[in-house]
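To start, the structure under review is shown below, and the notes come after it.
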Number of protein chains: 2
Amino acid sequence: MNTELKDYLKKKNLKATKNRITILKYINKRRDPFSAEDINKDLMDQNPINLSTIYRTLNIFLDNDILQKVAEIDGVLYYQKLQENHQHQLICTECKAVVPIENCPIAEWKDSLEKMTGYQIASHHLELRGLCPNCQRKK
Amino acid sequence: MNTELKDYLKKKNLKATKNRITILKYINKRRDPFSAEDINKDLMDQNPINLSTIYRTLNIFLDNDILQKVAEIDGVLYYQKLQENHQHQLICTECKAVVPIENCPIAEWKDSLEKMTGYQIASHHLELRGLCPNCQRKK
DNA sequence: GTTATTGCAAACAATTTGCACCCAC
DNA sequence: GTGGGTGCAAATTGTTTGCAATAAC
């Protein structure tokens with residue numbers, strides 16, 4: 001049972017505990033960013049896991065390139081499964097729904113920006129905010 | 001003394017207190033993003049101001065379009081004087097030097113993104129990171 | 001059996017808040 | 001003089017940590 005996930009963790013030199021497998025499953029299922037609190041609430045009924053354990057597991061998953069931080073909003077960290085391809089977030093300011101954006105115009109802009117500034121640009125972080133179609137209707 | 005700053009605050013319907021003028025001066029001088037703690041440390045010698053007061057003042061300045069939040073890093077909020085024209089930050093990962101970037105490719109991209117997603121995009125936040133010319137030489 | 005992981009409670013750090021005093025108007 | 005601004009201490013909130021019990025190997 002869950003042999004695949006167990007092997008995945010072991011390949012990363014992580015002990016395959018019940019909690020880690022539960023959290024890993026959760027991460028794999030969710031397409032949008034989530035917080036530690038989200039995990040805690042969503043697993044409460046089936047597999048309650050202590051908040052400290054969730055935080056510790058998230059940090060271990062970050063270190064092992066399973067997860068990535070995608071935002072920090074009002075003092076809350078949001079995570080997402082590490083994406084192979086570069087992507088950004090479009091967040092609804094009302095309901096907090098998130099749309100991942102795949103194509104990004106920054107790449108093409110990078111060269112000219114490096115020439116202008118002399119900087120050697122290594123990475124960037126882009127967050128867009130607005131109203132989702134649903135919340136527009138409610139206004 | 002400081003008549004200009006006093007009038008500026010009064011025009012915004014804010015009482016022109018000593019603390020507010022001191023903080024306003026600080027904000028006007030600084031070109032790069034700063035935290036509440038930065039203000040506290042930098043004013044410690046000349047004009048010590050209580051941290052609560054600094055936080056309260058920053059929030060009032062945010063509400064009155066004097067300030068803007070520019071980042072939230074490791075649980076710390078960073079602010080900057082509200083810029084008339086839209087701008088972003090290019091931050092050196094070594095020495096933390098900041099170059100403000102005036103032109104931004106997102107504006108042109110906005111329309112097509114709104115069509116694609118149905119979102120009504122209100123704002124965006126872009127942060128670029130890399131090595132400044134100085135720190136490149138040192139490597 | 002050994003060592004890493006877990007749950008619990010306590011610690012932490014940034015920010016906010018309640019309250020009595022004080023200053024700008 | 002009055003009401004908003006301030007300092008102080010205490011509360012709050014998300015996250016981290018110390019420690020004893022436990023589970024993975």
Side-chain angles (χ1 to χ4, degrees), chain A residues 1-3 5-24 26 33-44 46-64 66-79 96, chain B residues 1-26 33-44 46-64 66-67 69-79:
Chain A
M1 204 180 124
N2 290 320
T3 324
L5 296 179
K6 273 190 188 174
D7 289 351
Y8 176 72
L9 287 172
K10 284 183 189 167
K11 218 168 284 168
K12 298 252 182 196
N13 286 317
L14 297 174
K15 262 190 194 168
T17 68
K18 192 165 160 294
N19 283 340
R20 286 183 181 165
I21 290 170
T22 307
I23 294 174
L24 190 54
Y26 182 90
F34 49 84
S35 64
E37 194 54 46
D38 287 337
I39 302 181
N40 190 239
K41 266 205 210 99
D42 294 342
L43 298 181
M44 194 62 82
Q46 308 287 341
N47 283 298
I49 299 179
N50 188 282
L51 247 186
S52 318
T53 304
I54 293 176
Y55 277 112
R56 275 190 279 232
T57 306
L58 290 177
N59 282 327
I60 288 169
F61 284 4
L62 280 178
D63 289 344
N64 287 276
I66 297 171
L67 261 193
Q68 64 186 143
K69 275 185 204 170
V70 293
E72 179 168 0
I73 302 171
D74 289 338
V76 180
L77 290 167
Y78 290 85
Y79 306 84
K96 313 293 177 199
Chain B
M1 201 179 126
N2 291 318
T3 325
E4 204 185 328
L5 295 179
K6 272 189 189 175
D7 290 351
Y8 177 73
L9 287 173
K10 282 183 189 167
K11 218 168 281 167
K12 298 250 180 196
N13 286 315
L14 298 174
K15 262 192 198 169
T17 67
K18 192 166 161 293
N19 283 340
R20 286 183 181 168
I21 290 170
T22 307
I23 294 174
L24 191 53
K25 249 195 239 169
Y26 181 90
F34 50 84
S35 65
E37 193 55 44
D38 287 337
I39 302 182
N40 190 240
K41 265 205 211 101
D42 293 342
L43 297 181
M44 194 62 82
Q46 309 284 340
N47 284 298
I49 300 179
N50 188 281
L51 246 186
S52 317
T53 303
I54 293 176
Y55 277 112
R56 274 191 280 232
T57 305
L58 289 176
N59 282 328
I60 288 169
F61 283 4
L62 280 177
D63 289 344
N64 286 276
I66 297 172
L67 261 194
K69 274 183 206 172
V70 293
E72 180 169 359
I73 303 171
D74 287 339
V76 180
L77 291 167
Y78 290 85
Y79 306 83

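Chain letters run A, B, ... following the sequence lines, proteins first, then strands; residues in each count from 1.
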For [X], give me all partners under side chain to side chain contact (heavy atoms under 4.5 Å, CB included), at least two apart in sequence or on another chain.
{"X": "B/Lys10", "answer": "B/Ala16"}
{"X": "A/Tyr79", "answer": "A/Phe34, A/Leu58, A/Leu62, A/Leu67, A/Lys69, A/Leu77"}
{"X": "B/Asn50", "answer": "B/Ser52, B/Thr53"}
{"X": "B/Thr17", "answer": "B/Lys15, B/Asn19, B/Arg20"}

- Does B/Asn19 have a side-chain nitrogen or oxygen under 4.0 Å from the phosphate oxygens OP1 or OP2 of D/dG7? yes

- Message: Rounded at 0.5 Å granularity, tell me how far CG in B/Asn47 sits from CG in B/Asp42.
- Response: 12.0 Å

- Distance, nearest 0.5 Å, that separates CG of A/Asn2 from NZ of A/Lys18: 10.5 Å

Take atom [atom1] of [X] and atom [atom2] of [N], then tell me their distance rounded to the nearest Å.
{"X": "B/Asn47", "N": "D/dG7", "atom1": "CG", "atom2": "P", "result": "11 Å"}
{"X": "A/Leu77", "N": "D/dT16", "atom1": "CG", "atom2": "P", "result": "7 Å"}
{"X": "A/Leu58", "N": "C/dT6", "atom1": "CG", "atom2": "P", "result": "12 Å"}
{"X": "A/Asn40", "N": "C/dG7", "atom1": "CG", "atom2": "P", "result": "11 Å"}
{"X": "A/Asn13", "N": "C/dT5", "atom1": "CG", "atom2": "P", "result": "11 Å"}
{"X": "B/Asn59", "N": "C/dT15", "atom1": "CG", "atom2": "P", "result": "10 Å"}
{"X": "A/Ile73", "N": "D/dG14", "atom1": "CD1", "atom2": "P", "result": "13 Å"}

- Compute the angle between the rotation axes at the two ends of the helix from C/dG1-D/dC25 to C/dC25-D/dG1, each taken over five pairs, rounded to 10 degrees. 30°

List every contact pair, protein side and nucleotides 20-24 of chain C side both N or O, where the distance is under 3.5 Å.
none

- Task: Quick one, give me the B/S/- string for nucleotides 8-13 of chain D, reading 5' to 3', where B means a protein heavy atom under 4.0 Å from the base and S means that only happens at the primed atoms, P, OP1 or OP2.
- Result: BB----

- Message: So, using salt bridge (Lys or Arg N to Asp or Glu O under 4.0 Å) as the criterion, who are the partners of B/Asp63 when residues are at least two apart?
- Response: none

- Message: Using the salt bridge (Lys or Arg N to Asp or Glu O under 4.0 Å) criterion, which residues pair with B/Asp7? Sequence neighbours excluded.
- Response: none

- Task: Could you tell me whether the side chain of B/Leu9 reaches within less than 4.5 Å of the side chain of B/Phe61, counting heavy atoms only?
- Result: yes

- Under the side-chain hydrogen bond (donor to acceptor under 3.5 Å, both in side chains) rule, collect the residues that match up with A/Thr22, sequence neighbours excluded. none

